[in-house]
Number of protein chains: 2
Amino acid sequence: MATIGDVAREAGVSRSTASYALSGKRPISEEVRRRVLAAAEALAYTPNAGARALATAQTKVLGLLAQFHEDEFAPAMMQYILGVTNTARDLGYDTLLVNEADGVRALRRVTDSRMVDGVVLMNIAQDDARLPILRAAPQPGALVGLPGDCSGLDVFDLDFEEAGRVMVDHLHRLGHRELILISQPEHVVERGGAYVWRLRDAALERARQLGLTLHAVYGESRQPAVGRLLVHLLDTYPAATGLLINNEAAAAALPSVTYERGLRVPGDLSVIGRYSEEFAATFSLPYSFIESAPDRLGAMAVRQLVRRVESPVARNEPFVVRFISPELVSRGSTAPPGTRSP
Amino acid sequence: MATIGDVAREAGVSRSTASYALSGKRPISEEVRRRVLAAAEALAYTPNAGARALATAQTKVLGLLAQFHEDEFAPAMMQYILGVTNTARDLGYDTLLVNEADGVRALRRVTDSRMVDGVVLMNIAQDDARLPILRAAPQPGALVGLPGDCSGLDVFDLDFEEAGRVMVDHLHRLGHRELILISQPEHVVERGGAYVWRLRDAALERARQLGLTLHAVYGESRQPAVGRLLVHLLDTYPAATGLLINNEAAAAALPSVTYERGLRVPGDLSVIGRYSEEFAATFSLPYSFIESAPDRLGAMAVRQLVRRVESPVARNEPFVVRFISPELVSRGSTAPPGTRSP
DNA sequence: CGTAGTCGTCGAACCGGTTCGACAATCTGG
DNA sequence: CCAGATTGTCGAACCGGTTCGACGACTACG
């Protein structure tokens, strides 16, 4: 495989001249530049990534640290990953996908060894043990998800509080008085998944303000348990006319449940979900939903990361916490309340 | 950040001694080894990946080249990725996830720059333009999926031909005489997705041998189109009593279709799918199916790759083409044919 | 016509590891 | 008691890039 030394010899110049001719960082005569470029072309020269990383202290690689939990919805995860890798690629970076149970060790390994220029962290927990490591790391870091302490890092997330309020407000305006909110399973919360109670608490608070009844329950993450739970909930709260879903598995399971019970949406039951457009398409869900935009979040995180990596000025800018505001995509699954046929 | 020079100074030895003490590649006195280890610990020393790669010509990174097509099922893809990254991690390798439309350029970039020790290719096309590049690359490569020409590469795939035969045989033994096979959309074939016609042709051939009628059609990849197609097929072939599905979207859409038509499975219609266990769980599909084991395939590819990377002996072994044999996981969705109520 | 300034190129040093050959000190066997 | 082997350590070279300072050649200007 050709090195820059080979290119230089072929072009009849020194190694440094070849380097400058290729990078353009110093003026080089047109004649020499042509010879070097031709030689590089002829020898199919590609710079050695390790050598370049060593010399420039830049790897052109970003780390993506994700954790794949058994009880998490794989399709949803995929969206984040694509958002990150696509954006990184467009900006000239490759992505190192690190999926390790021991996130702390993995993060330390990746940053200390200088394999990456920056790190995107996913599956952020309220009190995430990886954050101190990332703050102390020489590379900048960006989070997709909101932790308890955002200091020293750029943070991107959906505004889950506002999402909860938007859901409640929407059904309240239509005249609903009793709602059910089904959230992610409780162990997601225990693991530190703050977005679950961020939406939940905000929804409960807003319901209280508006004088609505809101039954907030934690769901399951799998079929058939989540289907059974839905049935149980509809039985338990026969007067509820609105269903809010912050739980992908529950959303995916709902169509068969309503079908089986002969419930019409929105005639008998108004439904609002919280998931991504892509998710809705995959499961062909007919519900109005709040777009969680995983690809957009991943893209934002990467763009900010690359800004900090590439510009010494940007590197010292104050850190940002940016929420994307929930957008209710209408699919016609809400209407003024009817009476549910039991 | 501490370098090995810092560690050496702290321990009062030369750089080379520090290196040997850490790697154990030469005998080092117990006393010195202790001092070096203590110094490394104290300084939180982690070797610089670029420098090590340059010196050893090993990066401890594997490339995973995937292409995410609009019309492909994201959840299925995720399974492959997890199989690869998990196995790689267990063997001490990180994974560079490269998702580029221009697979040829991406592959060349990654191999020529020596960013990776080996490459796993996914979404293999019958006449895949990336294969010549990979054969010529200095790193070994493994494919998940069967191309037209397997030479010079290790290949892993489900035995789709046998899968087709197993499906047909199974329903034949139960007494079925007329079947429908719904495959992936035709443009998957045009793109080079050979597994589609491998299963299809084998199924047709076996049906011919057994004197069965088999209606083989290409499906859609999305709702609601695929649902409509299913309805249309059931209308068009009212005498068909068995349905074979080599199309994830169709499998996911089938439950609501049968439900809507009041078709009982397997009373009125016997069904066999081809997808992964994980996929079945995600969509809670109640059908017997042939396990496509994406995680196992990914794992096999990585293990073989690492073998070749790490052992000079293994590097020169003949290349393998390994099929995992289709395993029919029974979920009770097949039975002797009844008469379909129209 | 001499000198200051620019342009283009080169040699050398450096990034941070690994590894080879040399060598001193210690141990072993005759 | 000495030759020879063994053990433990060091210095130097190397991997393949980038970058700094120096320098010769040429141009412009007073």
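Chain letters run A, B, ... following the sequence lines, proteins first, then strands; residues in each count from 1.
When the C1' atom of dC10(D) is taken as reference, atom CD1 of I28(B) falls 10 Å away, rounded to whole Å. Look at CE on M115(B): it is 17 Å from P on dG16(D), rounded to the nearest Å. Here the P atom of nucleotide dC7(C) and the CZ atom of R33(A) are 14 Å apart, to the nearest Å. Rounding to whole angstrom units, CG of residue D6(A) and P of dG16(D) are separated by 9 Å. Atom CZ in R34(B) sits roughly 16 Å away from atom C1' in dG8(D) (whole-Å rounding). Atom-to-atom, CG of D112(A) to P of dG16(C) comes out at 14 Å; the value is rounded to the nearest Å. With rounding to whole Å, N48(A) atom CG is found 6 Å from dG17(D) atom P. Atom pair R35(A):CZ and dG8(C):P shows a separation of 14 Å (rounding to whole Å applied).
Inter-residue side-chain proximity for V321(A) and L146(A) is flagged as met; some heavy-atom pair is nearer than 4.5 Å. The closest side-chain heavy-atom distance from T95(B) to V61(B) is not below 4.5 Å. Between E10(B) and R35(B) the shortest side-chain heavy-atom distance does not fall below 4.5 Å. L64(B) has its side chain out of reach of Y80(B): every pair of non-hydrogen atoms, C-beta onward, lies at least 4.5 Å apart. Side-chain contact check for R89(A) versus V98(B): every heavy-atom pair is 4.5 Å or farther apart.
The nearest heavy atom of DNA chain D to E31(B) and to G50(A) marks one nucleotide each, and the one closer to the 5' end goes with E31(B).
A close approach under 4.0 Å does occur between a side-chain nitrogen or oxygen of S14(A) and OP1 or OP2 of dC10(C).
For residues 117-129 of chain A, the pairs satisfying side-chain hydrogen bond (donor to acceptor under 3.5 Å, both in side chains) are T59(A)-D117(A), E72(A)-N123(A), D128(A)-R130(A), with sequence neighbours left out.
Judged purely by atom type and a 3.5 angstrom limit, S19(A) has no side-chain atom pairing as donor or acceptor with the backbone of R15(A).
Nearest approach of V155(A) to G145(A), heavy atoms of both residues: CG1-O, 3.4 Å.
In summary, D149(B) and R135(B) engage in a salt bridge, as defined by a charged side-chain N under 4.0 Å from a carboxylate O.
Axis orientation changes by 50° from one end of the helix from dC1(C)-dG30(D) to dG30(C)-dC1(D) to the other, with each end axis drawn from 5 pairs and the value rounded to 10°.
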Report summary line: In B/S/- notation (B base, S sugar-phosphate only, - none; protein heavy atoms under 4.0 Å), nucleotides 18-29 of chain C written 5' to 3' is BBBBB-------
